[in-house]
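Below: one structure, written as structure tokens.
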Amino acid sequence: MRLSRYFLPTLKENPSEAQIVSHRLMLRAGMVRQHAAGIYNWLPLGTKVLQNIIAIVRDEQNAAGAQEIIMPTIQSGELWKESGRYDDYGPEMLRIKDRHDRDMLYGPTHEEVVTDIFRNNIKSYRDLPKNLYQIHWKFRDEVRPRFGVMRGREFLMKDAYSFDIDFARSKHAYNQMFVAYLRTFARMGLKAIPMKADSGPIGGDMSHEFIVLADTGESAVFCDKALLEKPAPQNVNYDDDLQHIVDSWTSIYAATDEKHDLSQEEKLGANLVKARGIEVGHIFHFGGKYAEPMGAKVTGPDGNPVTVMMGSYGIGVSRLVGAIIEASHDENGIIWPDEVAPFQIGIINLKVGDAACDAACGDLYAKLKAAKREVLYDDRDERAGVKFADMDLIGVPWQLVIGPKGAAKGVVEVKRRGAAGKEELSADAALAKVMA
RNA sequence: CGGGGCGUAGCUCAGCCUGGUAGAGCGCUAGCUUUGGGAGCUAGAUGUCGCGAGUUCGAAUCCCGCCGCCCCGACCA
């Protein structure tokens with residue numbers, strides 16, 4: 001992409017409404033613009049990041065055996081009356097009447113809809129297990145939206161729902177998602193720590209939150225330092241028993257503020273990590289909570305109907321954009337982990353109009369595009385400082401800088417965002433380095 | 001939902017207290033000079049001063065109502 005043609009409205013100053021760093025940087029980097037309280041427009045740069053995150057989430061969900069579907073954003077209130085939540089959910093649920101005066105709502109979550117799909121279409125235990133997920137927009141009419149996309153009213157969520165014939169198999173489905181989540185967040189450059197959680201209004205008896213440590217996190221968290229160094233599981237066969245992997249994580253101490261056990265502080269001593277955290281995922285096993293009232297049953301091996309056991313598994317996809325920035329930035333702007341970066345490589349032409357610079361940059365740009373790399377070529381007629389500042393602000397991981405001096409010598413400066421210094425290399429060596 | 005704050009140019013903000021018909025910096029347009037970390041000079045364009053009612057000869061400014069947004073707390077992916 002040529003920056004001269006790209007819609008990238010960067011800001012030099014901090015918009016007054018933004019208080020936390022991720023919100024400020026998302027506005028300054030031209031990723032989002034606010035439409036109303038807790039509701040955002042995603043501009044091209046933000047959309048690319050969101051899509052990269054979606055791709056990772058989807059990849060890991062599919063690998064874990066979940067199947068993608070799309071459910072409606074606007075739901076019928078009838079189903080919620082069946083589950084008993086229509087009255088319970090309260091004013092956070094945006095309620096709408098259609099032209100026939102029927103009760104509709106903008107979905108804050110989809111347990112009811114997915115359970116309805118299940119009961120209408122799956123009749124035998126032989127069709128189990130099933131795990132259905134979607135990546136879709138939700139609306140919760142929060143009392144106080146804040147922190148940009150971290151606590152919006154409208155937000156993009158990955159929500160998965162598992163269906164199993166008994167507790168042991170349902171636990172396995174839970175474990176699959178547990179492991180998939182560890183891998184998903186690790187691929188985004190995040191250290192997300194599973195912590196035992198209250199299951200809240202969704203209900204259930206087994207629940208973990210996945211929490212990213214960041215200074216601006218909303219809640220205080222405590223954990224054993226060992227968790228920070230523990231690598232995400234590799235080469236997972238999701239059909240195997242995963243209990244030992246889950247146990248290896250849950251046996252190490254980690255707790256949110258409300259579940260924190262003070263006696264652990266002494267026990268851990270110097271290994272105690274006190275930090276703040278952002279919840280980016282939450283998994284629940286809730287057995288028959290929805291299946292029971294909604295009659296989600298299959299015929300069991302003995303010919304008798306069995307109510308299925310369910311779990312639900314959420315990832316705050318749009319929140320992750322903010323969480324990654326909170327965890328990875330400096331005074332100049334965002335530092336994107338490679339796999340979520342909107343562009344892997346930036347080219348800075350320091351003197352547009354100079355034949356040697358234009359030629360050298362054009363050549364790099366053509367080669368990187370031919371190699372199918374996401375590359376942003378700053379071909380604007382701007383001063384060097386503006387280009388450096390913008391490229392750092394939007395956090396492009398690899399930056400190739402060409403000015404008149406370098407062009408004359410036939411060298412390219414290679415800079416890694418977040419690292420100090422630059423390296424002068426031949427064009428070919430530079431290409432090899434950034435494409436490695 | 002309790003408490004607090006703020007709405008003036010695209011952005012950051014001054015002006016309001018003490019009423020006289022709107023400003024600065026950045027950004028934008030044009031030109032010249034510059035050119036390796038957010039340049040300089042010159043000339044321009046840009047505002048229903050959040051909305052509505054009121055007081056007044058006159059309201060960005062004072063009064064009343066409304067709306068929007070932000071922050072702190074209680075709740076949440």
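Quantities reported herein were computed from a predicted structural model and do not represent experimental measurements.
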Under 6.0 Å from the six-membered ring centre of [Y] and within 45° of its axis: does the NZ or CZ of [X] meet both?
X: A/Lys422; Y: A/Phe388; result: yes
X: A/Arg417; Y: A/Trp398; result: no
X: A/Lys191; Y: A/Phe185; result: no

Is [X] salt-bridged to [Y], going by a charged N under 4.0 Å from an acidic O?
X: A/Asp358; Y: A/Lys351; value: no
X: A/Glu142; Y: A/Arg153; value: no
X: A/Arg183; Y: A/Asp59; value: no
X: A/Asp103; Y: A/Lys81; value: yes

Considering only atom [atom1], compute the distance from [N] to [M] and round it to an integer number of Å.
N: B/C28; M: B/C11; atom1: C1'; value: 12 Å
N: B/A9; M: B/A24; atom1: P; value: 14 Å
N: B/U18; M: B/A59; atom1: C1'; value: 14 Å
N: B/U55; M: B/A14; atom1: C1'; value: 27 Å
N: B/A39; M: B/G47; atom1: P; value: 27 Å
N: B/G7; M: B/C16; atom1: C1'; value: 13 Å

What's the closest nucleotide to the [X] side chain, out of [options]?
X: A/Lys12; options: B/G36, B/A77, B/C26; value: B/C26
X: A/Glu17; options: B/C1, B/C70, B/C26; value: B/C70
X: A/Gln19; options: B/U34, B/C71, B/U12; value: B/C71
X: A/Val401; options: B/G36, B/C11, B/C72; value: B/G36
X: A/Lys405; options: B/G36, B/A74, B/C11; value: B/G36

Tell me the partner of [N], counting only Watson-Crick (N1-N3 plus N6-O4 or O6-N4) or G-U wobble (N1-O2 and O6-N3) with both under 3.5 Å; none if nothing fits.
N: B/G47; value: none
N: B/C69; value: B/G5
N: B/C75; value: none
N: B/G58; value: none
N: B/G10; value: B/C26

Give one of base, sugar-phosphate or nothing for [X], where a contact means two heavy atoms less than 4.0 Å apart.
X: A/Gly148; value: nothing
X: A/Val317; value: nothing
X: A/Ala389; value: base
X: A/Asp159; value: nothing
X: A/Arg28; value: base
X: A/Ala36; value: sugar-phosphate
X: A/Gly314; value: nothing
X: A/Asn332; value: nothing

Quiz prompt | Contact under 4.0 Å: A/Ser16 side-chain N or O vs B/C13 OP1/OP2 | solution = yes
Quiz item: Would one find a side-chain N or O of A/Gln34 under 4.0 angstrom from OP1 or OP2 of B/C70?
Solution: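 It does, given that an N or O in the side chain of A/Gln34 lies less than 4.0 Å from OP1 or OP2 of B/C70.
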To the nearest angstrom, how far is [X] atom [atom1] from [N] atom [atom2]?
X: A/Glu142; N: B/C69; atom1: CD; atom2: P; answer: 14 Å
X: A/Lys351; N: B/U35; atom1: NZ; atom2: P; answer: 8 Å
X: A/Glu279; N: B/A77; atom1: CD; atom2: P; answer: 5 Å
X: A/Asp381; N: B/C28; atom1: CG; atom2: C1'; answer: 15 Å
X: A/Arg383; N: B/G37; atom1: CZ; atom2: C1'; answer: 10 Å
X: A/Phe147; N: B/C71; atom1: CZ; atom2: C1'; answer: 9 Å
X: A/Ile39; N: B/C69; atom1: CD1; atom2: C1'; answer: 13 Å
X: A/Arg146; N: B/C75; atom1: CZ; atom2: P; answer: 11 Å

Quiz item: Hey, mind stepping through A/Lys230 and A/Asp224 against salt bridge (charged side-chain N to carboxylate O under 4.0 Å, His left out) and telling me if it holds?
Solution: CA-CA 11 Å; A/Lys230 194 170 168 57; A/Asp224 187 326; over 6 Å; no
Quiz prompt | A/Phe155 aromatic ring stacked with six-membered ring of B/A77, 5.5 Å and 30° | solution =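 Given the distance and angle limits, yes, they stack.
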Exercise. Take A/His23 and A/Ala407, find for each the nucleotide of RNA chain B with the closest heavy atom, and name the residue whose nucleotide sits nearer the 5' end.
Key: A/Ala407
Quiz item: Which residue, A/Asn14 or A/Glu218, contacts RNA chain B at a nucleotide closer to its 5' end, judged by nearest heavy atom?
Solution: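 Looking at RNA chain B, the more 5' nearest nucleotide goes with A/Asn14.
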Using a distance-only criterion (donor-acceptor N/O pair, under 3.5 Å, no hydrogens), is the base of [N] paired with the side chain of [X]?
X: A/Lys415; N: B/G37; value: yes
X: A/Arg144; N: B/G4; value: no
X: A/Glu13; N: B/G10; value: no

